[in-house]
Amino acid sequence: MLSKFRSVPSICNGLLVHRFINTNPLCTMLHHQDSPQSPELPPWVKFSDTPSSPDTNDDFVIPSLAPWVDAHVFNPHPTKPINQSSMLNNEDGVEAITTLLKKQPYLSFDQVAQALDAHGFQVSAALVQQILKRFSNDLIPVFGFFKWAKSQTGYVHSPELFNCMVDILGKLKRFDLMWDLVKEMAKLDSGYLTLGTMVKVMRRLSKNRKHEEAIEAFRGLEDFGVDKDTKALNLLMDALVKGDSIEHAQNVFLEFKTSISLNSYSFNILIHGWCKVGNFDMARKTMENMKEHGFNPDVFSYTSLIEAHCRDKDFRKVYQVLEEMKGNGCNPNAVTYTTVMLALGKAGQLSEAMELYMKMSSDGIVADAPVYSALIFSLGKAGRLKDACDVFDDMPKQGVVRDVVTYNTMISIACAHSKEETALRLLKEMGEVSCKPKLETYHPLLKMCCKKKRMKVLKFLLAHMFQNDLSPDVGTYCILVHGVCKSGKLDVACSFFEDMVLQGLTPKDSTVKLLVGELESKGMLKEKEHVENLMARVTHKQNAGLV
DNA sequence: CTAGGGTTAG
């Protein structure tokens, strides 16, 4: 153990062409002790002018970040100064409509339309796109707006926007409305309803365990003027596999293999499906079947096998398959190596991950952003913040552009070590390098803020999220409710819970249980009743299939 | 159109 550990630094030194220089601010920050328990506050702490509750640590704001934070907290939707007047109208329109849609809980699509009618909004494709993105979790506002926009004279939704709306309805599990819209598209000009539309339909149905309905959608493709070809079949099988039913995918394969021609993708999708459920026998049988059809197992087939063995942490088998594929003239690529490196890192086998990186390099494979992310993750997991930082810093020097996962990984590491300044700075930098944050980017940050009771920063993050057209999903609310509950802020937990339900999201059982339990133990019976009433409404709506 | 990234809390 110890010898392995000792060997790592030298490997790591060899890895990096440019050694890290200690003056890098990011690195200094990571090593700076944030000292959360220290009674002595660092000299640069700024005291907020808003009074905070004694149980809140809002006062902590890093001076250089404070203006950035304040701008979002106090003005979540600033209108960007734009010179061109046409652009100004659009930007203004988006903000004005956003405000209007958020203003009150609308009870019907028509109510939304009425509210919109009262203003003289000018509709454009860009505006509709922005609103659909912003309100993709809010059925009544988003669909009410979509219908209203459709009826505006001089404006017609593009096929892309119809597809986007179909996808949103599927995401919101309103399959009745989704099908109505699909049928409506079929009646419009050709070019509206395409395979692209039906892929969204099949994916959303599969994801919601409506596998039979997804297969029915495929069967009916020709009625909508879409070909039932190899590509369509593969997309259906892939949707079924991703919707956790390799069995349905296999049945579809058996049913259509004589009428629709197959390609290597068809087999790889099934191999992936069998690997996903850990059925190596069927994965191997499918590989044999693949050969009988004249296709050789390729890097996709083998990487699926390797990934499954990685999940089992069966690295002996992983190395075996690596040898096997090379023996069959199929070389592992960056994806294969990343899969194994990350699994090793997760399993705490950092030096093995590093060795594999070197092996990859000696094979002449150039590291891309995911490879670097896997390295960074492994180093972070092993507590080697400085080295993780070095690798992150090395990326641009090697001509590799950091992507959203690279940032997510770095932010996760920083948050896990309570380096909130670093984490926030990374988020800020993402905006500057136009690497758009995703919901997952915020999750570790939100978790950390809840834990440290940074309510002001929490508020800032939520505003920042919205400005990036991201709205919290069930997972986000889960983190928020659990996080503030554990910090004893039950009132805040209740208001997050209410938001979640009003958004039409279904809280997880564990979330309800935790919140109700906490409220009960604190004797907050009125709040507890409120939560239970909210839950009853959710259940009722679901049973009735209502909006 | 097929394989890689991040992920609550218990």
Side-chain angles (χ1 to χ4, degrees), chain A residues 195-196 198-199 202-203 229-239 241-242 249 262-276 283 286 290 295 297-311 321 325 330 332-343 345-346 360 365 367-378 380-381 402-413 415-416 437-448 450-451 472-486 496 507-511 513-515 517:
Chain A
L195 178 59
M198 295 311 288
V199 169
M202 295 189 294
R203 289 222 167 107
D229 56 11
T230 310
K231 185 176 169 184
L233 177 64
N234 289 346
L235 285 165
L236 171 65
M237 291 196 298
D238 188 53
V241 165
K242 302 231 163 97
L262 304 166
N263 60 16
S264 62
Y265 292 23
S266 321
F267 292 95
N268 283 334
I269 290 162
L270 290 174
I271 291 166
H272 177 229
W274 290 119
C275 285
K276 217 177 145 192
T286 308
M290 187 175 180
F295 305 106
D298 56 20
V299 67
F300 289 88
S301 331
Y302 287 112
T303 303
S304 287
L305 278 178
I306 287 172
E307 192 201 354
H309 289 309
C310 279
R311 227 184 21 243
V321 177
M325 65 190 286
C330 174
N333 63 15
V335 178
T336 320
Y337 279 112
T338 307
T339 306
V340 182
M341 279 170 53
L342 193 74
K346 281 182 180 165
M360 185 190 92
I365 296 167
D368 59 9
V371 171
Y372 276 101
S373 300
L375 269 179
I376 291 169
F377 177 90
S378 304
K381 165 95 183 171
R402 295 158 180 159
D403 66 9
V404 65
V405 180
T406 317
Y407 277 102
N408 289 356
T409 308
M410 282 299 288
I411 289 173
S412 265
I413 294 172
C415 289
K438 295 176 63 168
L439 264 188
E440 292 80 359
T441 310
Y442 294 94
H443 287 173
L445 287 158
L446 295 171
K447 196 183 157 190
M448 178 182 61
C450 290
K451 199 174 160 192
D473 66 359
V474 180
T476 314
Y477 278 115
C478 204
I479 293 166
L480 291 169
V481 174
H482 279 258
V484 293
C485 253
K486 282 195 86 174
F496 280 138
K508 295 193 179 189
D509 288 344
S510 61
T511 309
K513 216 182 261 178
L514 177 82
L515 186 56

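Just so we're on the same page: letters track the sequence lines, and every chain starts at 1.
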A:Lys242 bridged to A:Asp238 by N-O distance under 4.0 Å: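 Salt bridge flag = yes for A:Asp238 with A:Lys242.
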
Between [N] and [X], is there an OP1 or OP2 to side-chain N/O distance shorter than 4.0 Å?
{"X": "A:Lys486", "N": "B:dT8", "answer": "no"}
{"X": "A:Lys447", "N": "B:dA9", "answer": "yes"}
{"X": "A:Thr511", "N": "B:dT8", "answer": "no"}

Closest to the [X] side chain: [options]?
{"X": "A:Glu307", "options": "B:dT2, B:dG4, B:dG6", "answer": "B:dG4"}
{"X": "A:His482", "options": "B:dT2, B:dG4, B:dT8", "answer": "B:dT8"}
{"X": "A:His272", "options": "B:dG4, B:dT8, B:dG6", "answer": "B:dG4"}
{"X": "A:Phe300", "options": "B:dA9, B:dG4, B:dT2", "answer": "B:dT2"}
{"X": "A:Lys242", "options": "B:dT8, B:dA3, B:dT7", "answer": "B:dA3"}
{"X": "A:Glu440", "options": "B:dG6, B:dT8, B:dT2", "answer": "B:dG6"}
{"X": "A:Asn234", "options": "B:dG10, B:dA3, B:dC1", "answer": "B:dC1"}
{"X": "A:Tyr265", "options": "B:dA3, B:dC1, B:dA9", "answer": "B:dC1"}
{"X": "A:Ala334", "options": "B:dT7, B:dT2, B:dG4", "answer": "B:dG4"}
{"X": "A:Leu235", "options": "B:dA3, B:dG10, B:dC1", "answer": "B:dC1"}

Worked verdict on A:Asn263 versus A:Asn234 for side-chain contact (heavy atoms from CB on, under 4.5 Å): CA-CA 9 Å; A:Asn263 60 16; A:Asn234 289 346; 3.1 Å; yes

Verdict with reasoning, A:Thr286 to A:Trp274, per side-chain contact (heavy atoms from CB on, under 4.5 Å): CA-CA 9 Å; A:Thr286 308; A:Trp274 290 119; 3.5 Å; yes

Distance, rounded to the nearest Å, where A:Ile479 contributes CD1 and B:dG6 contributes P: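 One finds 15 Å between P of B:dG6 and CD1 of A:Ile479, rounded.
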
Is [X] touching bases, backbone alone, or none of the nucleic acid, heavy atoms closer than 4.0 Å?
{"X": "A:Phe377", "result": "sugar-phosphate"}
{"X": "A:Thr339", "result": "sugar-phosphate"}
{"X": "A:Val199", "result": "nothing"}
{"X": "A:Lys451", "result": "nothing"}
{"X": "A:Asp368", "result": "base"}

side-chain contact (heavy atoms from CB on, under 4.5 Å) assessment of A:Met290 paired with A:Ser301: CA-CA 10 Å; A:Met290 187 175 180; A:Ser301 331; 3.9 Å; yes

Any donor-acceptor N/O pair under 3.5 Å between B:dG4 base and A:Thr338 side chain: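 When only heavy-atom distances are counted, A:Thr338 does reach the base of B:dG4 through a donor-acceptor pair under 3.5 Å.
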
Under 3.5 Å donor-acceptor pair, A:Asn333 side-chain atoms to B:dA3 base atoms: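 Answer yes: a donor N or O sits under 3.5 Å from an acceptor.
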
Heavy-atom closest contact (A:Ser378 atom, A:Gly345 atom, distance):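 So the minimum-distance heavy-atom pair works out to OG-CA, 3.3 Å.
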
